[in-house]
Structure formats: C-alpha cells, structure tokens
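A short worksheet on the structure shown next.
Values below: all heavy atoms of this structure, side chains included; hydrogens, waters and symmetry mates excluded.
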Amino acid sequence: MSYYGSTDYSYNSDFNLRIRDIKKGNLDFGWLDNARDTVEIRRRDPRRGLMLEDVEVGDYAVENAPEVVRENRGLAPRGAILAEGSDQPDLGPSLNKKSDVWGYRVQRYWEEAMSRQWNASTDVPWQDMDKYEIPEDLEYAFCQLCTLLSEVEMIATDLPSKWSHHMNSHFQEVKAFIATQCIDEARHAEVFRKRALANGVGLLRASVRGEHALKGILEADSYSEGSVFLHVLGEGFILTLFRSSEFISPTPVEQRMFQLVMQDEARHVSYGLQHLKYLMDNCPEVRPQINGFLDEAERHLTGLFNPDQLESMIVLGGKGTSPKCIKRGVEVVGAFQGKQIQEYFHRAERAGLPERKERSPLLELQERMIAGIQAANAG
Amino acid sequence: MTIKFPSVDFFQELARRMEADAAEFEKLGFCDTTLGIQVNGDAPHLYALTFEVFDCTDVRELSSPDDAELDFTLAAPLSLWREMFESIKKTGHPEPAFTLNSLSHVGDQMAVVYDDPEGHDKFYRFMATIQAFVDQASDLDIEWA
C-alpha cells in the first residue's frame, strides 16, 4: 500500500455513529443541499438512443466549463457538486487545460466507437480459411507483417492507457474515447496474433528499428505530443498500411480482417486530427514545440519501414518471390508509401500545420529508401 | 425485374434493402456520411448518398459536386463499376481485387476525391457498412446503361 488516507474511516467514531443512525432510519438528506436546478434533456435522434451530446446542457456542458479546471482534481464527474474546502482528494491530474486533451467532435467519436465495436473471434470468417490455399512464401510474408502489426498495436494500447489517469476527470469524454482506443488496439493485437497462428506458421521476427520508433511515441513529453505522434502520424501511416494490406491480402478472410481494423484506426486518426486542430486553434503558442517534436518524430517513424516489414510487403504486393513478382511488389509498396506521406501532409495542413511539408524529412527518406530497394533488386 | 445502372432507382433499391436488413447494418454500427458515386463515361452521372445512423436516408442525382456537401466521392468509369458489381454477383461478395478499398487504393482505377481529410477518413471509418451496402446488389438483375 503506497497511499494511506488522512482519515481511517473504519475507526472514526463520528462516521460510525452517523452510519448507525442512518440505519435506524434517521436520514438528513444532506446530499440534496446545493443541488443544481433540474435540466431538460431531449433526445435529438431517437434512433441513436440517448447521446452524450444530448446531455451536454447547463453546468454539465463542456462548453460552459472553464478552459482551465482548478477546483476539481479528483474523480468527480463534470457537474457534480464538490465538497466545500479541500476535502475532495487531489489525485494529481497533470492535464487540466481543455486544450491539453480536447478534440472537436470527441463525443461523436465515442458514440461511433461504441456502436461499431466488433469481435475478433467471431466477426472474421476464420471458418473460411480452409477454402483457400495460400502459397508458402505468401503465408510467411503475411505472418511477418502480422508480427510487426502486433507490436504496433501494443504501443497504441499503451499510449492512451499511460495518459488517461493524468487527465482531469472534467474531460470524461476524452478519457472515455481513449479507453475505446485501448480496447480497439487490444483487439487488433488479438486478431493479428490469431491470424499469424491460424495456418501454423506463427509469429516471426520482432522489429528492432520498429520498436525504437514506437518507444518514441510512448516517451513523448506531453499528451499532445504523444497524440500527434500516435494518432496523426503513426496511425495515419498505419491506416494506409492497413488499406495496403487489404489490397495485398491473400484471401477474403484477411481482407475482412483489414476492413474491420481500418475502421477503428481511421476513427483514432480523426480524433487525433481534431485534437491537433483544437490545440492549434486555442493554444497557438505551442506550435514551435509541436513542430520541433514532429521533426524528430518523423525521423523516428521511418523505423517502421524496417527491412523485414518492407520485404514482407513486397512479397505480398508482388504475390511471390520470383524476380518479376518482386519487381511488381516494389512498385506497389512504393506507391502506397507515397500515399502515406501525402495523406499525412494533407492532415497536418488541415489541422493547422502546413509547414510540415517543408520541414519534414519524410520525403527525402522515402526516396532514399525506395532507391536503395530498387538498386538491391536490380543487383 | 431489371434495374438500370447508373440510376437513382438503383441506389434507392440498395437503400430499401439496407432498411429491410436492419439487423445486419445495426451490427455494423452507426454510419454517418454523405458520399458521392461518380460514374464516368459518355454520359457521366454523379449521385449523393446520405447515410444516417443505420440507414441510407437520401439518394439524389447531382448536376455538380457543389450541389451537396460530399465527404468523399468514389469516381470510376462505368466499365469498372460494372466489373465490380459482376464480381459481387458471383458469390455475394466481391473477389479480392474488386473490394472498394482494393479498387481505390493503388493506381487510378477508382479515384477517391475529397477536400477535407476527415471527410476522406470517413470512407475508412465506415468501410464495412459501405461495402455491405454495395454487396446487396448481388442478386439484382442489372441493366447496364
């Protein structure tokens, strides 16, 4: 036990006397003191049930809350009546400013996440795997890809977990949304693990470079830095990688798997984009800090283009290991890498960081990498 | 009964089927987007399909992309749309090369036209629903324009 409260309620006589009194039926209804006025709640669209946005009213609405939360440093949800004085415990949240965590439309992303959950055990048609014969080289390449993707999903579970308890409970919607991200990413790690093992090959080589890149996400100094790295840069790239993986999937079973994971990934990217946009709109003074961070983060990210992953994608993209297949695979992978980078620049521009295109090392690094692969391939 | 492609009637029939198969689409979850379907050819057509909650609530033909706020538009020649729907017809689902994602990902067969990256990302956020929506054409008797 590392936390001992200031009061031991099990031996507090006042407290015990009061409990005994209540059990005798002597209620004082003190919890109704200072109760807020009642509110009128309207379900805007009955087909959606009762949405978080429907209960955004009066003192409960985030729009009516201060930009910086000073009073509530415990677990009280926004709108709850706090104890007078300093009785409410301080749980030490370090993210107390709305722009630290908020993203436009975060309530919508939460509802979408809850509505579009799926099950890796039953929503992928595993029973159809026996219908298809996958060439051995493609199966091995696919399992190598699944190994890297499992590593990626681990970090995408850990980053939101790491920051959730640092967020002031005032921002319940963000905490809730990143909790859905944790379950999404845990499910992705599950589905890639299952797929790697399903045909017996199993997981292959873990990525040294890739894990160094992923460590950079986890070690970000602030939530916003971690978010822009994970949600906008990392998951933006992984979303395109999922699209490519669907494109080069050996059978409809894997295609279904990637159709499902890309939905979750795109939702996380959208939240990250809206957080970055909210941050740039409301806290423009952090722009140099975010740009400086991204200068390094973009270098880190190239670790995900590690040789094992590239080769497996090339084999899958070209559908084999003959020179002709590899040539085709190099073309396919080069095309999607270009798309990854362009889409990232477009998102950064829309979020308010158009300068990324000028500052980023990604274009040059990509060109060097592809030239290297092509030279090796020609040799 | 045959139904012409492209036409408002075609997409309205898919919308009607979506409503009739509520359990399937409710399982896939909320889908909120307005997307464009552009059929290129001698007589090009552009349709706006609005999805809300679990349904396709509106189908319109547009004379210009500016006539609706489209999150993204899937644009392809008539011949490619035809190949895609004929592939879906074989088993109820497209062959791997004919999923919406595969057709639009590499090369210029099917373009994904967008302005706002968040609108673009809706294509991927709602991929399973949009794919299931077009897969419903598997047993339609289609008359090609």
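- When all heavy atoms of A/H346 and B/P117 are compared, the closest pair comes out as O-CG, 3.7 Å.
- When heavy atoms are compared at a cutoff of 4.5 Å, A/R350 approaches chain B solely by way of its side chain, counted from C-beta outward.
- In this structure, A/P252 and B/P96 have side chains that are in contact, with non-hydrogen atoms separated by less than 4.5 Å.
- The contact between A/E246 and chain B is made by backbone and side chain atoms together, counting heavy-atom distances below 4.5 Å.
- Judged purely by atom type and a 3.5 angstrom limit, A/E112 has no side-chain atom pairing as donor or acceptor with the backbone of B/F30.
- Between B/H105 and A/S244, the shortest heavy-atom distance links the atoms NE2-OG, 2.7 Å.
- Only the side chain of B/D55 comes within less than 4.5 Å of a heavy atom in chain A; its backbone stays farther off.
- A 6.0 Å sphere centred on CD of B/E26 holds more than 12 heavy atoms belonging to other residues, nucleotides or ligands.
- Contact annotation for A/R256: only side-chain heavy atoms (C-beta onward) come within less than 4.5 Å of a heavy atom of chain B.
- Enclosure of atom NZ in A/K319 by more than 12 non-hydrogen atoms of other residues, nucleotides or ligands within 6.0 angstrom is indicated.
- Residue contact with chain B, scored on non-hydrogen atoms closer than 4.5 Å, involves the side chain of A/Y109 exclusively.
- Within 6.0 Å of CD in B/E69 there are 12 or fewer heavy atoms belonging to other residues, nucleotides or ligands.
- From A/F247, atom CZ reaches atom CG of B/L103 across 9.0 Å, with rounding to the nearest 0.5 Å.
- Environment of NE2 in B/H45: crowded, with over 12 heavy atoms of neighbouring residues, nucleotides or ligands closer than 6.0 Å.
- Separation of atoms OH (B/Y114) and CD (A/E343) is listed at 5.0 Å; rounding is to 0.5 Å.
- Cation-pi geometry between A/R47 and B/F54 is not met: the NZ or CZ atom fails to fall both under 6.0 Å from the ring centre and inside 45° of the normal.
- Within the 4.5 Å cutoff, the side chain of B/Y124 has no heavy atoms near those of the A/E265 side chain.
- Atom CE of B/M127 is separated from atom CD of A/Q259 by 7.0 Å, given to the nearest 0.5 angstrom.
- Residue A/D123 touches chain B through its side chain alone, counting heavy-atom pairs closer than 4.5 Å.
- In this structure, chain B has no heavy atom under 4.5 Å from any part of A/I248.
- The 12-atom threshold is exceeded at CD of A/Q127, counting heavy atoms of other residues, nucleotides or ligands nearer than 6.0 Å.
- Here the CG atom belonging to B/L28 is positioned 13.0 Å from the CD atom belonging to A/Q117, to the nearest 0.5 angstrom.
- Using a 3.5 Å distance cut-off with no hydrogens or angles, the side chains of B/S102 and A/R243 do not pair a donor with an acceptor.
- Residues A/V269 and B/R125 are not in side-chain contact: their nearest non-hydrogen atoms beyond the backbone lie 4.5 Å or more apart.
- Contacts between B/H120 and chain A at a heavy-atom distance below 4.5 Å involve the side chain alone, from C-beta outward.
- Side-chain atoms of A/R116 come within 3.5 Å of backbone atoms of B/G29 as a donor-acceptor pair (strictly under, hydrogens ignored).
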Report the C-alpha separation of B/D32 and A/R48 in whole Å, then their side-chain angles, then the decisive distance to 0.1 Å, and conclude whether the salt bridge (charged side-chain N to carboxylate O under 4.0 Å, His left out) test is met.
CA-CA 11 Å; B/D32 296 284; A/R48 296 178 196 273; 2.5 Å; yes
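- Not one N or O on the side chain of B/K27 forms a donor-acceptor pair closer than 3.5 Å with the backbone of A/W118.
- Both the backbone and the side chain of B/F126 come within less than 4.5 Å of a heavy atom of chain A.
- Separation of atoms CG (B/D121) and CE (A/M262) is listed at 11.5 Å; rounding is to 0.5 Å.
- The closest donor-acceptor contact from the side chain of A/S270 to the backbone of B/E118 lies at 3.5 Å or more, if one exists at all.
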